[in-house]
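Sharing a structure below in structure tokens format, with a few things to ask.
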Amino acid sequence: PGTGRRPELFPGDIVEYPRNKYFSHFGIYFGERDGVPYVAHLTCRDADTKIPLFGRALRSEVKLDPLELLGSQYKVNNMLDESHSPRDFHSVVKPAIEDMLGRDVTFDILFHNSEHQATLFRYGVKKSQQIEVVYKHIMPSWKKLFEEKKL
């Protein structure tokens, strides 16, 4: 089931895996190794780590994983192509990814999530559109709790 046509991927493309109504997981298409397509993505080092309320300061790392391991539902989402030039994959993006592999990165849902990491690799710019959307929905309620000293 679900054998839809796979989107065509080019190295350096941002791959989006929708997770729920508000959040997606993002990676960068890295190309094939031995016929297996790989994605570079920012992931929490402890797989069972749940994101705490503010999604702060979890130990993460950039990993290369097989494309399908992250999910069978994905799409290309080069969301900033109209406003930012994608950086050259072979001379810029690939070395940047290889340089980051296995290093400790601080995951922060508001300031450094998988979408920020993906746009940083592709464009050299950190951007998270999903957080901007979530901000509009979640921040007012957090603010209210905060003012009521419940947070």
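Any value given below was found using the heavy atoms of this structure, including those in side chains, with hydrogens, waters and symmetry copies removed.
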Check your understanding: Linking I/L/V/M/F/W/Y whenever any side-chain heavy atoms sit under 4.5 Å apart, do F111 and M79 land together?
Key -> yes
Practice item. Just jot down the salt bridge (Lys or Arg N to Asp or Glu O under 4.0 Å) partners of K94, sequence neighbours excluded, or say none. Key: E98
Study note, to complete from the structure: Rounded to the nearest 0.5 Å, the CZ atom of F107 sits from the OG atom of S114 at a distance of 6.5 Å
Practice item. Flag the pair T119 / Q129 as yes when at least one side-chain heavy-atom distance between them is below 4.5 Å, and no otherwise. Key: no
Check your understanding: Is it true that F30 and V62 fall in one hydrophobic cluster, defined by side-chain heavy atoms closer than 4.5 Å?
Key -> yes
Practice item. Flag the pair D88 / V93 as yes when at least one side-chain heavy-atom distance between them is below 4.5 Å, and no otherwise. Key: no
Check your understanding: Q117 pairs by side-chain contact (heavy atoms from CB on, under 4.5 Å) with which of I28, T43, L42?
Key -> L42
**Study point:** Worked verdict on E61 versus L101 for side-chain contact (heavy atoms from CB on, under 4.5 Å)
**Key:** CA-CA 7 Å; E61 64 183 316; L101 289 177; over 6 Å; no
Check your understanding: D81: what forms a side-chain hydrogen bond (donor to acceptor under 3.5 Å, both in side chains) with it, not counting sequence neighbours?
Key -> R122, Y123
Point to revise | Distance, nearest 0.5 Å, that separates CZ of R87 from CZ of F121 | key: 8.5 Å
Review point. Do N113 and I131 come close enough that some side-chain heavy atom pair is under 4.5 Å?
Key: yes
Review point. Side chains of H116 and K127: donor-acceptor distance under 3.5 Å anywhere?
Key: no
Review point. Under 6.0 Å from the CG atom of N20, do we count more than 12 heavy atoms belonging to anything else shown?
Key: yes
Output side-chain donor-acceptor pairs under 3.5 Å for residues 9-17, partner residues at least two apart or in another chain, one line each.
residue	atom	partner	partner atom	Å
D13	OD1	N78	ND2	3.0
D13	OD2	F10	N	2.8
E16	OE1	N77	ND2	2.6
E16	OE2	S24	OG	2.6
Y17	OH	L67	O	2.7

Check your understanding: Do the side chains of L120 and F89 join up, straight or via other hydrophobic residues, at under 4.5 Å, putting them in one cluster?
Key -> no
Review point. What's the shortest heavy-atom distance between H41 and G27, and which atoms?
Key: CB-CA, 3.9 Å
Check your understanding: How about F23 and Q130: do any of their side-chain heavy atoms sit closer than 4.5 Å?
Key -> yes
Check your understanding: Do M100 and V105 touch side chain to side chain, with heavy atoms closer than 4.5 Å?
Key -> yes
Point to revise | Pairwise distance OH(Y29) to OH(Y74) - rounded to 0.5 angstrom | key: 8.5 Å
Study note, to complete from the structure: Smallest heavy-atom separation, P95 atom then S91 atom, equals CG-O, 3.4 Å
**Study point:** Backbone N/O of V36 and side chain of D34: donor-acceptor pair under 3.5 Å
**Key:** no
Revision key, fill the gap. Taken to the nearest 0.5 Å, the spacing of Q73 CD from E68 CD works out to 9.5 Å
Review point. Quick one: are L70 and V39 in side-chain contact, heavy atoms under 4.5 Å?
Key: yes
